[in-house]
Amino acid sequence: MQRKVTKAIFPVAGMGTRFLPATKSIPKEIMTLVDRPLVQYAIDEARAAGITDFLFVTARGKSALADYFDRARDLETALKEKGKTKLLEELEETNMQSGTIAYIRQDQALGLGHAVWCARRFIHDEPFAVMLPDDIIHAERPCLKQMVEAYADTGGNMVAAMNVPEDATGAYGILDSDEARTGTSVKVRGMVEKPKAGTAPSTLAVIGRYILSPDVMGHLERQKAGVGGEIQLTDAIAREVEEKDNVHGYCFEGTRFDCGTKIGFLEATIAFGLERPEFRDDLSAFVKKTAEGL
Ligand code: G1P
């Protein structure tokens, strides 16, 4: 029986330069997909997987993110007075109970591995999840929940995995493993962060959901800078493969949108918009008409 995963780290310290000028004043994670900030999707997914303690690794200029999670008492009172119960309910669903959410600042942009390491005191000796809110995964069963269930059998470390086109492997952590069927996990023989063209061990890429052993924090403590001069989370997990052979890739069911890119964000906006019954007909007619006119 594995120890329950109740803590999640959300690394959100990035400057969001791909979304300039918008990110001059809004943290990327607050940018809106239909009517909810990106980060709300990750929070909802984490809650559905049984996460109760949330830690955001943030940076200077990200205070709007912490404000978003504050309870909006005035707004709640105003909605109550106006009898807007549905809106009030929606707002209440986003409330985080005091003490369940914490923030730590990453003082230097030294990479994802360093951001995760900044949360070491929050983790102590427990397994933990890491969620990259840029990766939005649309799935009937939330991705992290699928992983928590699979992890109950495997233990060790688990990373979400998905096949990507060969010419895209250089943008991801890539697994050295056999092919896996959707909805199953596969043993990882090695991992390499952003392999150079022609050197990727497979086309199975790591997507931003991880369940990690607290030992990864120890590896991060000693981890030297890797590709791009950054301390890479992938390199620390690769140490677990070498030392304990206890890493699995989980091929999740669902569609992943890379909301760290403009095209991914636009696609996600259309997909999540079409999913909403109140927009479906009008939006699909509009998209069709607009595309035909091109
Ligand atoms: C990060 C990880 C990479 C992973 C990717 C998934 O890269 O370092 O291993 O494949 O997220 O989105 P980034 O996109 O931050 O460059």
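Note that ligands are numbered from 1 as they come in the structure, with each ligand's atoms numbered from 1 the same way.
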[atom]: nearest protein contact (heavy atom, Å):
| atom | answer |
| --- | --- |
| atom 12 (O) of ligand 1 | Asp135 OD2, 2.8 Å |
| atom 11 (O) of ligand 1 | Leu132 CD1, 3.4 Å |
| atom 10 (O) of ligand 1 | Val206 O, 2.6 Å |
| atom 9 (O) of ligand 1 | Glu193 OE1, 2.7 Å |

For a side chain to side chain contact (heavy atoms under 4.5 Å, CB included) with Val206, tell me which candidate from Val159, Val188, Leu233, Val164 qualifies.
Val159
Ligand-residue contact atoms, ligand 1 with [X], heavy atoms, under 4.0 Å:
| X | result |
| --- | --- |
| Thr234 | 9 (O) |
| Lys194 | 7 (O), 8 (O), 13 (P), 16 (O) |
| Arg256 | 12 (O) |

Any chance [atom1] of [X] has more than 12 other-residue heavy atoms, nucleotides or ligands included, within less than 6.0 Å?
| X | atom1 | value |
| --- | --- | --- |
| Glu149 | CD | yes |
| Arg222 | CZ | yes |
| Glu140 | CD | no |

Just by distance, with hydrogens left out, do Asn163 and Thr203 show a side-chain donor and acceptor under 3.5 Å apart?
yes
Mind running side chain to side chain donor-acceptor pair (under 3.5 Å) on Gln108 and His114 for me, showing each step along the way?
CA-CA 9 Å; Gln108 296 176 73; His114 179 259; 5.5 Å; no
Is there a polar contact between ligand 1 and Ala171, counting only N or O atoms under 3.5 Å apart?
no
Hey, is atom 14 (O) of ligand 1 touched by any protein heavy atom at less than 4.0 Å?
no
Give the other cluster members for Leu91, using side-chain heavy-atom distances under 4.5 Å between Ile, Leu, Val, Met, Phe, Trp and Tyr residues; answer none if it is isolated.
Leu75, Leu79, Leu87, Leu88
